[in-house]
Amino acid sequence: MRSVRDFNLNNKKVIIRVDFNVPMKDNKILDDNRIVMSLNTINYAIAHNAKIILMSHLGRIQEEKDKKTNSLKTVSIRLSELLKKDVIFVDETRGKKLENAVNNLKPGEVLLMENTRFEDLPEKLESGNDESLGKYWASLGDIFINDAFGTCHRSHASNVGISKYLPNGIGFLVESELNNLNSILNSPKKPFALILGGAKVKDKIGVIENLISKCDYILIGGGMAYTFLNALGYNIGKSLLDEDSIDFCLNMLKQYKERIILPIDSVVSKELDGEVKTKLNDEFESDDIGLDIGLKTIENFKNILDKTNTVFWNGPLGYSEIDKYSTGTKEILEFLSNTNKTVIIGGGDTASCAINFGYKNSFTHISTGGGASLELLEGKKLPALEAIDK
Ligand code: AMP
């Protein structure tokens with residue numbers, strides 16, 4: 001796939017689709033990882049004298065009031081600090097102000113326009129990949145670079161639409177995501193283990209189906225483990241149950257009994273803020289909720305992981321937003337961080353756990369895209385990458 005490296009950027013208006021969809025609260029950025037991860041491509045374009053036009057979405061814009069809490073203004077300030085240079089912020093997504101600002105750009109200058117999803121009101125022009133919007137945005141630049149891995153599984157005007165009308169390529173972040181995730185798909189150094197957690201089996205079925213024949217172990221924790229345990233006939237009390245996926249779990253357990261590793265014990269409670277106990281699978285009472293893997297399971301997971309060379313992990317192993325249910329996730333992060341294995345962390349909640357618990361620089365790769373990395377590993381084509389010239 002063509003990359004930013006393959007273009008002469010000198011004096012060109014280069015539109016870079018970045019992923020600045022950072023978690024925000026009260027107009028403060030809670031985690032700037034996605035901004036940091038986009039710096040390589042932006043700095044490269046600055047060094048090569050491009051006139052840089054950045055575009056990104058932030059959150060969802062469903063009603064007018066969402067615009068107040070999802071402006072990219074705050075992001076432009078943080079970006080300016082990280083780049084150590086001015087960032088011109090334009091508070092519109094189309095119109096004279098934006099066009100003038102673009103036309104006044106000098107080589108090496110950086111402009112960030114307002115949240116692309118402001119175009120989702122009154123009609124979903126951005127998220128619906130409106131043809132004329134993609135064409136309009138393309139008219140602002142000379143070259144389009146897609147570096148927003150987190151949205152590559154979506155077909156929007158700011159990634160798929162715009163690509164049609166400009167010479168295009170991918171940025172360094174997308175390139176690094178593809179190299180790392182494709183290495184899992186194509187040539188994982190064996191033994192290879194998949195760690196899956198999170199809430200629902202349903203969301204992980206595609207990945208299990210696509211990777212089960214390639215991997216040696218699938219370690220299952222988090223809420224999704226209880227549907228597997230239910231399928232085996234255990235009383236799981238009030239733990240998460242994904243009823244539609246029970247048959248899938250049974251089939252997998254029949255076919256791949258040796259490969260699928262389930263929890264032996266769990267940290268349970270009667271309510272989220274209640275007293276906690278550790279129970280074996282056959283000790284659950286009817287009102288127990290399994291909220292984390294227990295110590296025996298942690299030990300077993302470590303023993304198995306010890307035998308592997310490659311690990312891909314998607315989904316926290318417990319209700320990790322609450323400290324007392326985050327032990328399993330933390331222990332496995334700590335264990336893996338002290339090894340030389342190839343460890344790739346899927347995006348979304350798992351990436352947040354790795355970063356927030358202090359393991360930002362401890363692994364081979366932490367993906368910036370939850371949905372996108374899962375879809376890639378499911379073997380699906382990502383529309384925004386299909387739109388890039390080969
Ligand atoms: P997912 O988006 O499917 O990866 O799910 C992530 C969510 O699953 C996080 O919010 C976790 O807190 C939640 N989760 C993980 N384990 C459990 C559990 N045992 N019970 C309930 N929720 C869980």
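Atoms within each ligand, like the ligands themselves, are counted from 1 in listed order. Along the sequence shown, the residues carry numbers beginning at 1. Being a predicted model, the structure only gives us computed values, none of them experimental.
Residue S320 approaches ligand 1 through these ligand atoms, each under 4.0 Å from one of its heavy atoms: 12 (O). Per-residue contacts place Y319 under 4.0 angstrom from the following atoms of ligand 1 (heavy atoms of the residue considered): 12 (O), 15 (C), 16 (N), 17 (C), 21 (C), 22 (N). Proximity to G290 (heavy-atom distance under 4.0 Å) selects the following atoms of ligand 1: 18 (C), 19 (N), 20 (N). Atoms of ligand 1 lying under 4.0 Å from any heavy atom of L291, numbered from 1 in the order shown and given with element: 19 (N), 20 (N).
To the nearest 0.5 Å, atoms NE2 (H57) and CG (N115) are separated by 7.5 Å. From L336, atom CG reaches atom CD1 of I195 across 5.0 Å, with rounding to the nearest 0.5 Å.
At a 3.5 angstrom cut-off on N or O pairs, G198 does not count as close to ligand 1. In terms of polar-atom proximity, G223 is counted as a contact of ligand 1, with an N or O under 3.5 Å from an N or O of the ligand. Close N/O approach between N314 and ligand 1 is not found [any backbone or side-chain N/O within under 3.5 Å].
The side chain to side chain donor-acceptor pair (under 3.5 Å) search around N27 returns T74, not counting sequence neighbours. Scored by the side chain to side chain donor-acceptor pair (under 3.5 Å) test, D120 finds S127 as partners (sequence neighbours excluded).
The nearest protein atom to atom 14 (N) of ligand 1, hydrogens excluded, is given as G318 O, 3.8 Å; this is a heavy-atom distance. Protein heavy atom closest to atom 5 (O) of ligand 1, with residue, atom name and distance, is A199 N, 3.0 Å. With respect to atom 10 (O) of ligand 1, the closest heavy atom belonging to the protein is E321 OE2, 2.5 Å. Atom 7 (C) of ligand 1 has D349 OD2, 3.9 Å as its closest protein atom, hydrogens excluded (heavy atom only).
Checking D265 against T297 by side-chain atom types alone, a donor-acceptor pair falls below 3.5 Å. Side chains of S326 and Y319: a donor-acceptor N/O pair is absent below 3.5 angstrom, by distance only.
Residues F89 and E114 come closest through the heavy atom pair CZ-OE2, 3.4 Å.
Between the side chain of K12 and the main chain of I143, no donor-acceptor pair closer than 3.5 Å is present.
Looking at K204 against ligand 1, only its side chain comes within 4.0 Å, counting heavy atoms.
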